[in-house]
Every structure is written in structure tokens, then in C-alpha cells.
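So the structure is just underneath, and the comments pick up after that.
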Amino acid sequence: MTLPSKKPNWRRRSTAPEPARVPADPPASSAGRGSVVQASLYRDGRRVSSPSSLAETFRQLRDEPDGMAWIGLHRPSEEELLSLAAEFDLHELAVEDAMEAHQRPKLERYGDTLFVVLRAARYLDAQEEVDFGELHVFLGPDFLITVRHGAAPDLSAVRRRMEETPELLALGPEAVLYAILDAVVDGYAPVVEGVQNDIDEIETEVFRGDPEVSRRIYELSREMVEFQRATRPLVGMLHNLMAGFAKYGTDEELQRHLRDVADHVTHTSERVDGFRQALTEILTVNATLVTQQQNAEMRALAEAGFEQNEEIKKISSWAAILFAPTLVGTIYGMNFDHMPELHWVYGYPFAILLMAVVCTSLYVIFKRRDWL
């Protein structure tokens, strides 16, 4: 599904709306506001000019029939995209997708224009998380337009690399598309390494009993879902491109490069699938360990409660035994004149015997019930 090498017989607009002029290489802070990052015109793989505005780029490309325009934008305005759509006859559905981020990776053909959506990724060491960017590419017979949403990928490095190999750049927009695909896929390698380190750390935290590890597992699992959405469609896209090699007469050197990129993205996709499986297994192990820990804590609480209950039984039993003589002594300590036992010769021995009988009876009863 690559583009034919021959240019179709179509005419551009004679005039285009004049957008605001921007520098060819603006500082990073201005790029964040959404503008033309860089526009360049190439002939035979070498840069011939760097127009300072879209209108100037359109004019110079019309005056350079054998040239190729490479326009890079970062979060462009609607006016800029509509200007590009009018000049290069871009399909309205593709332009609408380019205005809105959060598109899934895909490859679509609209007449002579190829529209590609890519999801780039980078690993942030400080936050230990994966940051995803989105890149939209319009590819025509003599132009290539990139619309970037996010910090990744670094297309300035791609441009320098291509300009350092003019023989590759001379192959046209297809070669630039290859270089962009290669940069996006190469950017996955540090992410894979970072995620592997995170998983190793999570495994250690799981068996160490870190209470925060569950949250980290869920966050990393969510990032791996996004990573899968970025890599899985890319495998099919590259195979579709390779399927069109013979039909569109793609250069053999580009064929080799694209096959290499396809191999890398297939390997990355398999690694990401493995990460998701590993995280699922780790989450299961963590849940098991947490359950075991909770069961152990519950068992310890139950044992403590049982021991406490036994102690309460003993204390209650001795309290009841000691209460019996206290009760008898209290009754006979009231000193009423008409209490028969007070003036009885055997009154004191009787009271002592009564206390002993009651205490012994209570002791036997509690002992049989294993309270003592």
C-alpha cells in the first residue's frame, strides 16, 4: 500500500490563504502553542530552501516541479490544517482526524494520498511511567506532512538523519515515511527496557509485602493496554505496506528497511503481550499473598480473642468463688439483735463451714467446665 512513483496529473490551487508567518526553527516553547515546526523543500535528496510560512512553501513547491515538500507541524491550528487541505487536496475525514488526537494507529488511502496515524511512546525515568504521543502523517507524490500531538517522537532527529543520507531521501516521501516508522519503533526499545525494570521491582515489592504495590501494578497494566493499542495495529499496517511492494514498485532498499522495521515492531508487540501476561500473574500472586496475610492476621486475632476469653473465664470464676464468703460475711456483719445465729454457740463455725462449702462447690463446678 505504498505510493506510486509517478506523479498524478492534478493541479494545486493557484493561491492559498496566508497563514501567520513563523520561523523555520522556532524554540521549543513556541512549538508548544501549535505552529509550523519546520518546512523544507528538497530536490534530489538535498534541501534547497526552508520557507518561513506555509504560503511560501506552497509557492516554492509549485515553482519546483521535481521538488518534495516536508512540512512538520506541532498541534497546528484549524486554519493551518485547512490551508494544507486546500493546497494538497487532503480528504476532509483525514483532516478531521488530524485535528483531534486520541486516534488509533491506522493506515488509510484517499486517492493519491496516504494517511497514517502512529502512536509513539517514551519512558519517563523520574516518574517511572510511559508517556504516549500521537503522530499523523499525510503522504503524497511530492509532499509529506507530519502533525504531531505530544512530545514524542523527535522528528528533528529524523530530518537530520535523512538529510545526512541524501541518496535515501532522494527516494521521495516513501523514504521519509520509512524513517518516521523506524524512529517510532526504535523509540519503543527504551520503553520496553523501562517497563521490564518496573516489573522486576514490582515482583520484589510483592514478596516484600509493600502495601502500595497493587496500585503500581494497576497503573502499569493500564499503560501496557495503551502500549498494546500502539503496537498491535502497527504490525498489520507494515504488512499491508509490504504487500504493496510489487504493485507500486517500491525501491528494494526501502523494502529491506521496512521489513526490518516490521520485525522490530513484531518483537516489541510480543514483548508487550508478555508484559501484560506477567502483570496479570503478578497481580494474582499479590492477591494470594494479601489473602494469606489477612487470613494470618484474622487467625492471630481469633487466637488472641480465645486466649483473652480463657483469661476472662478464670477471672470470673475466682471472682465468683471469692464473692461467696464475702456475701456470707456481709450478711452476718449486719449486727441485728434478732439474728438467731449471732448468739448461737456454733454460729461462727457454721458461718466458716458455709463459706467453705460454697467456695468448694463453685470451684468444682468451674473446674468441670474447664474454666479453671
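Residue numbers run from 1 in the order of the sequence given.
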- Residues Phe132 and Glu223: closest non-hydrogen pair is CZ-O, 3.6 Å

- Query: Heavy atoms, side chains only, cut-off 4.5 Å: are Glu87 and Arg62 in contact?
  - Reply: yes

- With no hydrogens and no angle check, is any side-chain donor or acceptor of Glu56 less than 3.5 Å from a backbone partner on Ser53? no

- Measuring from Ile321:CD1 to Ile365:CD1, what's the distance to the nearest 0.5 Å? 9.5 Å

- Query: With a 4.5 Å limit on heavy-atom distance, are the side chains of Gln60 and Asp63 in contact?
  - Reply: no

- Report the relative orientation of the aromatic rings in Phe88 and Phe58; use parallel for angles under 30°, tilted for 30 to 60°, perpendicular for over 60°. perpendicular

- Query: Between Gln196 and Asp200, do the side chains contain an N or O donor and an N or O acceptor separated by less than 3.5 Å?
  - Reply: yes

- So, for Ala320 and Leu362, which heavy atoms are closest and what is the spacing to 0.1 Å? O-CD1, 3.5 Å

- Task: Measure across Ile180 and Leu135 and return the closest heavy-atom pair with its distance rounded to 0.1 Å.
- Result: CG2-CD2, 3.4 Å

- Note on the structure: Heavy atoms of Ala120 and Val184 approach each other most closely as CA-CG1, 4.1 Å

- Query: Do Ser214 and Asn286 meet the criterion of a side-chain donor-acceptor pair at a distance under 3.5 Å?
  - Reply: yes

- Item | Stepwise side-chain contact (heavy atoms from CB on, under 4.5 Å) check, Arg47 with Leu169 | CA-CA 10 Å; Arg47 186 191 298 197; Leu169 185 55; over 6 Å; no

- Message: Is it the case that the side chains of Tyr123 and Asn197 hold a donor-acceptor pair, with the cut-off being a distance below 3.5 Å and no angle test?
- Response: no

